[in-house]
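Labels below follow one simple rule: chain letters A, B, ... track the order of the sequence lines, proteins then strands, and each chain is numbered from 1. Hydrogens, waters and symmetry mates are skipped; everything else that's a heavy atom, side chains included, is used.
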Number of protein chains: 2
Amino acid sequence: LAQKTVVKPFLEVLSGRRQQVPPVWMMRQAGRYLPEYRELRAKAGGFLDLCFTPEYAAEVTLQPIRRFNFDAAIIFSDILVIPYALGRSVRFEAGEGPRLDPLNTPEQVAALARHADFGKLEPVYEALRRVKRELAPEIALIGFCGAPWTVATYMVAGQGTPDQAPARMMAYRHPEAFAEIIDVLVENSIQYLLGQLKAGADALQIFDTWAGVLPPREFQRWSIEPAKRIVAGVRAQAPDAKIIGFPRGAGALLPAYVEATGVDAVSIDWAAEPSLIRERVQNRVAVQGNLDPLALIAGGAALDRAVDDVLAHFAQGRLIFNLGHGIQPETPIAHVEQMLQRVRAYKT
Amino acid sequence: LAQKTVVKPFLEVLSGRRQQVPPVWMMRQAGRYLPEYRELRAKAGGFLDLCFTPEYAAEVTLQPIRRFNFDAAIIFSDILVIPYALGRSVRFEAGEGPRLDPLNTPEQVAALARHADFGKLEPVYEALRRVKRELAPEIALIGFCGAPWTVATYMVAGQGTPDQAPARMMAYRHPEAFAEIIDVLVENSIQYLLGQLKAGADALQIFDTWAGVLPPREFQRWSIEPAKRIVAGVRAQAPDAKIIGFPRGAGALLPAYVEATGVDAVSIDWAAEPSLIRERVQNRVAVQGNLDPLALIAGGAALDRAVDDVLAHFAQGRLIFNLGHGIQPETPIAHVEQMLQRVRAYKT
């Protein structure tokens, strides 16, 4: 009963209640900039071994919380676990991005499994349960998935590319086959997110890292519509689920995304234009972001100024302070501390 | 005297007079998708030899005009000719992007030449004069330069990178030194553009290919301010100069760019949000763009739909039909013809 009265500032913001000091966490906060992460990573073997060993995944999820007392922990995993559970080959080789077997013809799509083997994702759920047990009650736990468009870009090309041309091309040339990939990802992402909620996630984030390469018509079809279906599908079984969308690079298409999908918040990248965000996004939902990760590497006066800009632009409204993209491995830990002190000293 | 009465539809649009059928050209229209270009390219030797041999540069500039009768020719050259004329080492190796000697410390910047050797750029002016003589009077001739920010990203890193992190980092860490690079580029770009006008260019385009990676404060300082100074510097000596800006990926920062720089038009990328462009950009200046180059590769119904979208979004106002980025080498020539037929058949 006592626990019920503990407030999670992160969830408060998602529920419509601005906090005087914005809650703060960082995308990729469990990562290579931390020596304790690098140590465990070396012990675990491959990257997927780290994701799929609950003891390890829980531990790296908690490491940044212990060090920085962030307002949210995000489960350590990867957006490509869904293709993996669909039986696609997914490899992470050192120093390179992910590698998959390409999926770029209607024939290959016809042979794609429709249902993920969720048994393969049980270690993620177990890691969530472990983290949940250890997390202080005021700290939120975030589950996540990749957005169908972004996951599909890797499935089609077999790797990341500068502007994900292979998937865009397939969507032009074989829109029906491409829509089938998206449909499979929508349905399985809904089940996966519900599984994460059941395992203890307090909120969910949908990462659409490559939304920004889409023209408006394609953005509507491949980023907005799938996100809308996922939000509706999750809420059909978990009506109070809190969901954050991150259509990175959406620019002036962001208001349409917010309006159509029904997300509770959007994460915004570092290049977002502040007045559009304030007037047409933050007036509807909470905003999460958007410090330039390079300012965090630079430190000093440049970092202070960049932190102050984020606060000046968005802290009068509902803000979850975060980066505009993941923290980079070469970031000095002292700069994260500098950022946190400045955010936590914020007063309106 | 007779020639004075010939109207160039491209310049009409830049001068505030919408054309019923939008004039059309394509970024990188002189390029590898054309067999006649590939043939001459093979004969010329290196890429810079092609740029700096007036006979060849003029010929490849004219090739797409002969084939497609575009409304504008753009002089065949490269944005890195300014660093070249500043004495930096600039190489183009087959299958890779450009390579320069990196320039990333304040000490190196202190040693940077302040004045370009414009004798090195005389072949560009000569190519412009040759093209001008051969071009039909209703077709406009475009000169161009890279925007200081974009040129600086290559000078600092020595090459292209996914989000031009080295230059962004230098701007955070050594803003004074970085500002010196920008100042040198501003001053020399003004002289270079004036030289191109004198050699026959009817209009000028400033390519800021990497503007989209900048946060708002940095966008203001490194993209908007330098463009504004270039526009003012050119107009100080050529008051009627028509200038197009292309801050690619600027998103919702585009209205601020248009308002501050004083350009006559902006080129927009394929991901631009139409209503923002119509209401806050096209109400002030002409708009050039923005077909997705991948739709042009795809052809068929996808291309028709994409062409129709551009026309539906922007042809009611001042529009120069173009791509949202350069045409790609694998584009079938038949698809360019399909696009042109559709644009030229446009009726309001």
Tell me which of these, A:Ala295, A:Gly251, A:Ala165, A:Pro162, has more heavy-atom pairs under 4.5 Å with chain B than the rest. A:Ala295

In terms of heavy-atom pairs under 4.5 Å with chain A, which of B:Glu273, B:Arg168, B:Arg173 leads? B:Arg168

CD (A:Gln164) and CG (B:Leu294) are apart, to the nearest 0.5 Å, by 11.5 Å

Turns out that what part of B:Tyr172 lies under 4.5 Å from chain A's heavy atoms comes down to both

If one checks every heavy atom of A:Ala250 against chain B at 4.5 Å, the contacting part turns out to be neither

Looking at A:Ala302, A:Ala171, A:Ala271, A:Pro215, which one has more heavy-atom pairs under 4.5 Å with chain B than the rest? A:Pro215

Heavy atoms of A:Ala252 and B:Ala252 approach each other most closely as CB-CB, 4.4 Å

Evaluate side-chain contact (heavy atoms from CB on, under 4.5 Å) for A:Trp270 paired with B:Glu218, printing each intermediate quantity in order. CA-CA 11 Å; A:Trp270 70 77; B:Glu218 311 291 307; over 6 Å; no

Does any backbone or side-chain atom of B:Ala256 lie under 4.5 Å from a heavy atom of chain A? Answer side chain, backbone, both or neither. neither

Return yes when atom CZ of A:Arg280 has more than 12 non-hydrogen atoms of other residues, nucleotides or ligands closer than 6.0 Å, and no otherwise. no

Chain B contacts, top residue of A:Leu214, A:Val213, A:Asp309, A:Asp163 (heavy-atom pairs, under 4.5 Å): A:Asp309

Among A:Asp292, A:Ile297, A:Leu276, who wins on heavy-atom pairs under 4.5 Å with chain B? A:Asp292

Counting only heavy atoms not in B:Arg32, do more than 12 fall under 6.0 Å of its CZ? no

